[in-house]
Amino acid sequence: MSATESDSDEAVDTDDPHGECDRETIDADLPPSAKLVYKVLEYEAPLTQEELAAESRLCPRTVRYALGRLEEQGVVTSRACLADARQSKYRIDD
């Protein structure tokens, strides 16, 4: 068995309770900015677009685009922010 075969076997682990395999396949076609926003949300959620821009050090327009792509994939959801109804808080969809 070659090293590539063993790597592919690990990536297709069906016993993963957290769905990390599914997240890896979803991440494959996303731009790097969306992957970064996903990782920031993974550690700091829920956050507003402004907070995401500050944490990721991406410009607000890039964060907006990344969130749009993540929402299209069904990976991220948003809810109205209770402190300011004009903003939304984003979190990873469970």
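Note that the structure is a prediction, hence the values are computed from the model and not measured. Only heavy atoms go into these numbers, but all of them, side chains included; no hydrogens, no water, no symmetry mates.
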Mind checking the [atom1]-[atom2] spacing from [X] to [Y]? Nearest 0.5 Å is all I need.
{"X": "Y90", "Y": "T48", "atom1": "OH", "atom2": "OG1", "answer": "9.0 Å"}
{"X": "Q49", "Y": "R64", "atom1": "CD", "atom2": "CZ", "answer": "6.0 Å"}
{"X": "S78", "Y": "L70", "atom1": "OG", "atom2": "CG", "answer": "11.5 Å"}
{"X": "I92", "Y": "Y43", "atom1": "CD1", "atom2": "OH", "answer": "9.5 Å"}

Practice item. Given side-chain contact (heavy atoms from CB on, under 4.5 Å), test R79 with S88 step by step and report yes or no. Key: CA-CA 5 Å; R79 290 193 179 179; S88 296; over 6 Å; no
Exercise for review: Take V75 and D93, measure what side-chain contact (heavy atoms from CB on, under 4.5 Å) needs, and give me the verdict at the end.
Suggested key: CA-CA 5 Å; V75 178; D93 192 24; 5.9 Å; no
Exercise for review: Please confirm whether the backbone N or O of L52 pairs with a side-chain atom of S56, one donor and one acceptor, at under 3.5 Å?
Suggested key: yes
Review point. Between R61 and Y65, do the side chains contain an N or O donor and an N or O acceptor separated by less than 3.5 Å?
Key: no
Review point. Side-chain contact, heavy-atom cut-off 4.5 Å: L30 with Q73?
Key: yes
Exercise for review: Please name the pair of heavy atoms, one in T62 and one in S33, separated by the smallest distance, quoted to 0.1 Å.
Suggested key: CG2-CB, 3.5 Å
Check your understanding: Which pair of non-hydrogen atoms, one from A34 and one from A66, has the smallest distance, and what is that distance?
Key -> CA-CB, 3.6 Å
**Study point:** Summary of salt bridge (charged side-chain N to carboxylate O under 4.0 Å, His left out) pairs that have at least one residue in residues 50-60, sequence neighbours excluded
**Key:** E51-K89
Check your understanding: Checking side-chain contact (heavy atoms from CB on, under 4.5 Å) for the pair R91/L41: CA distance, chi angles, key distance, verdict?
Key -> CA-CA 6 Å; R91 63 180 44 89; L41 285 173; 5.6 Å; no
